[in-house]
Amino acid sequence: MTKPPSKVSSGGIPSLDGLRAVSILLVVLAHARGTRGYPGWVLENDHGYLGVQVFFVISGFLITTLLLEEEKTYRTISLKLFYARRTIRIFPPFYLFLVVMAGLDWAGIFTLPKYNLLFAATYTMNYNIKYTVWFTAHLWSLAVEEQFYLTWPLLIKLFGSARAIRAALVLALGAPLALFVLYLMVPTATATVGLFFPFVADSIAAGCVLAGAMPWLRKQAWFQAALTASYGWLAVVLIALLAVMRGHPRFHFLIGEPLLNLSICYVLARYTEYPETLGGRLLNLPAVAWIGKLSYSIYLWQQLFMNPVTGAFLQSFPANMGFALACAVASYYTVERPLAGLRKRMRPAPPAPSRRGPPPDAPAAS
């Protein structure tokens, strides 16, 4: 394979939407297990958390890439504009979903526990141990993402990218070890306390480390050889096997989790740097990329239709998949997409031209 690797362009990062599509498919199928009409052979193992884990790695990688490119291009990182872009990207679809949840609760369609919407609205659902319910339980992962968005740019701004990346490496390696110790002390706590940000942010941190290391890694012959290896697709098989081993906590926390993050990082690097591979071409198919673009809205709305307790038509497979997709399409095209142009225009002022010529092109927006 002699074609040079693809870099970030005005069209975004290749294969990233495709990887999001795979992630959201894992989540939705895992949540659909147990609903009426769902064929067990479609996804026998619960790989929903694997889908979330891939999302986390992508988030760390993408946000860090954009921050470092902004720093390189504009010689600064504007926290004000970063938080404004994230607010426009994340808040409108999210709070629309919460308004609908509040309306359904008020109408008696279902009952939300006391304080549930408060935890959701403040992005602290991952700390909500007592007041949980199926319809909003998935918001824990969005809370983790928002906590990452809040702290990571500030860490880079205050301490510099090199120190921040080293801190992310410590978190990526230390969080699974901390979970292992927690499991030894109180095994049942990993299902609740294990969702607290310091315990669960290792996947996001792994993506941050990959983004920070990519400029150096691209120059390494061994890294390029690894990415272009004909057997590189086996990393996908390894990821599936390691996800199954999640049911063995001692192995998973000590070995499986770090290796799983590393494998996801490899797949992310392979198919974003070399989208010409077979896997890359599949991930960049228009239909697959379209699902990836809808992934945030799909993740928000799918929970409404995947409740395994009821046998209602809206909760039955495959109708529930169609209703979830319909809500996601409506949310994406009426809320997310119209605001995308505004978000992309929110960039720092370009630095004053130097004698060496005009400033480089602006980075792609997320």
Side-chain angles (χ1 to χ4, degrees), residues 16 19-33 46-63 86-87 89-98 101 112 116-129 131-152 168 171-172 175-176 179 190-208 239 243 246 252 257 260-261 264 268 291-292 294-307 324 327-328 331 336 366:
L16 214 59
L19 289 168
R20 288 191 181 107
V22 173
S23 302
I24 194 59
L25 182 62
L26 288 171
V27 170
V28 172
L29 288 179
H31 287 178
R33 290 174 72 243
D46 185 357
H47 288 330
Y49 191 86
L50 174 60
V52 172
Q53 194 165 356
V54 175
F55 271 125
F56 281 170
V57 174
I58 290 174
S59 292
F61 176 79
L62 176 61
I63 294 302
R86 287 295 93 190
T87 297
R89 171 73 178 91
I90 301 297
F91 282 17
F94 180 77
Y95 286 110
L96 171 63
F97 174 77
L98 290 191
M101 292 298 99
L112 295 176
N116 185 268
L117 286 178
L118 179 62
F119 278 105
T122 56
Y123 285 97
T124 54
M125 188 64 80
N126 58 318
Y127 294 100
N128 178 16
I129 297 176
Y131 306 104
T132 58
V133 68
W134 169 263
F135 296 105
T136 56
H138 64 309
L139 301 182
W140 75 267
S141 61
L142 299 183
V144 172
E145 293 251 12
E146 193 64 25
Q147 290 155 28
F148 162 67
Y149 296 145
L150 183 64
T151 57
W152 180 241
L171 179 59
L179 271 175
T190 56
T192 52
V193 178
L195 298 182
F196 291 3
F197 184 83
F199 292 110
V200 79
D202 55 293
S203 300
I204 297 178
C208 297
I239 288 172
R246 199 184 299 275
H252 178 72
E257 178 75 0
L260 188 53
N261 286 329
I264 295 172
L268 175 59
I291 293 296
L294 294 174
S295 59
Y296 177 47
S297 285
I298 293 175
Y299 190 80
L300 282 172
W301 294 96
Q302 51 81 33
Q303 201 84 354
L304 269 177
F305 306 101
M306 303 299 163
N307 191 345
C327 288
S331 175
E336 286 189 65
S366 63

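Residue numbers count from 1 along this sequence. Just so you know, these numbers come straight off a predicted model, no measurement behind them.
- Nearest heavy-atom pair, Leu139 versus Ala120, reported as atom, atom and distance to 0.1 Å: CD1-CB, 3.7 Å.
- Residues Glu257 and Arg246 are in side-chain contact: their nearest non-hydrogen atoms beyond the backbone lie under 4.5 Å apart.
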| task | Please lay out, stage by stage, how His138 and Val27 fare under the test side chain to side chain contact (heavy atoms under 4.5 Å, CB included). | result | CA-CA 10 Å; His138 64 309; Val27 170; over 6 Å; no
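- In this structure, Leu179 CG and Phe196 CZ are separated by 11.5 Å, a value rounded to the nearest 0.5 Å.
- Gln53 is listed as a side-chain neighbour of Asn261, based on a closest heavy-atom distance under 4.5 Å.
- With His47 contributing its side chain and Ala30 its backbone, the two residues share no donor-acceptor pair below 3.5 Å.
- Between His252 and Thr190, the closest side-chain pair of non-hydrogen atoms is not below 4.5 Å.
- No donor-acceptor distance shorter than 3.5 angstrom exists from the side chain of Ser203 to the backbone of Val200, with no hydrogens or angles considered.
- In this structure, Leu26 CG and Ile239 CD1 are separated by 10.0 Å, a value rounded to the nearest 0.5 Å.
- Summarising the geometry, atom CG belonging to Leu300 is positioned 7.5 Å from atom CZ belonging to Phe94; distances are rounded to the nearest 0.5 Å.
- To the nearest 0.5 Å, the span separating OG1 on Thr124 from CZ on Phe119 amounts to 5.5 Å.
- Of all non-hydrogen atoms in Phe197 and Asn126, the two that sit nearest each other are N-ND2, 3.6 Å.
- Counting only heavy atoms from C-beta outward, the side chains of Leu195 and Met125 never approach each other to under 4.5 Å.
- Of the possible donor and acceptor atoms, none in the side chain of Tyr299 sits under 3.5 Å from a partner among the backbone N and O of Ile24.
- The line from CG of Leu117 to CG of Leu112 is 5.0 Å long, rounded to the nearest 0.5 Å.
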| task | Take Leu268 and Val57, measure what side chain to side chain contact (heavy atoms under 4.5 Å, CB included) needs, and give me the verdict at the end. | result | CA-CA 8 Å; Leu268 175 59; Val57 174; 4.0 Å; yes
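- The distance from atom CD1 of Ile298 to atom OG of Ser23, rounded to the nearest 0.5 Å, is 11.5 Å.
- Side-chain contact between Ile90 and Tyr296 is present, with at least one heavy-atom pair separated by less than 4.5 Å.
- Contact check for Gln303 versus Thr136: no side-chain heavy atoms found under the 4.5 Å cut-off.
- The main-chain N or O of Ala21 is never found under 3.5 Å from a side-chain atom of Ser295 such that the two would form a donor-acceptor pair.
- Nearest heavy atom pair, residue Glu145 against residue Phe55, reads OE2-O, 4.0 Å.
- Panel note: side chain Ser331, backbone Ala328; no donor-acceptor pair is recorded below 3.5 Å.
- The two residues Trp140 and Tyr49 make their nearest non-hydrogen contact at CH2-CE1, 3.4 Å.
- Within the 4.5 Å cutoff, no side-chain heavy atoms of Leu25 are placed close to those of Ile291.
- Between Phe91 and Tyr123, the gap from one ring centroid to the other is short of 6.0 Å.
- Residues Met306 and Trp134 form a side-chain contact, since some pair of their non-hydrogen atoms from C-beta on lies under 4.5 Å apart.
- Considering all non-hydrogen atoms of both residues, Pro198 and Leu171 come closest at O-CD1, 3.6 Å.
- A distance-only check finds no donor-acceptor pair linking the side chain of Tyr149 to the backbone of Ile63 [under 3.5 Å].
- No side-chain donor-acceptor contact under 3.5 Å links Glu146 to the backbone of Leu142.
- Heavy-atom minimum distance, Tyr131 versus Asn116: O-ND2, 2.7 Å.
- Within the 3.5 Å criterion, the main-chain N or O of Phe97 finds no donor-acceptor partner in the side chain of Trp301.
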| said: Would Arg86 and Leu150 count as a side chain to side chain contact (heavy atoms under 4.5 Å, CB included) here? Give the steps. | reply: CA-CA 9 Å; Arg86 287 295 93 190; Leu150 183 64; over 6 Å; no
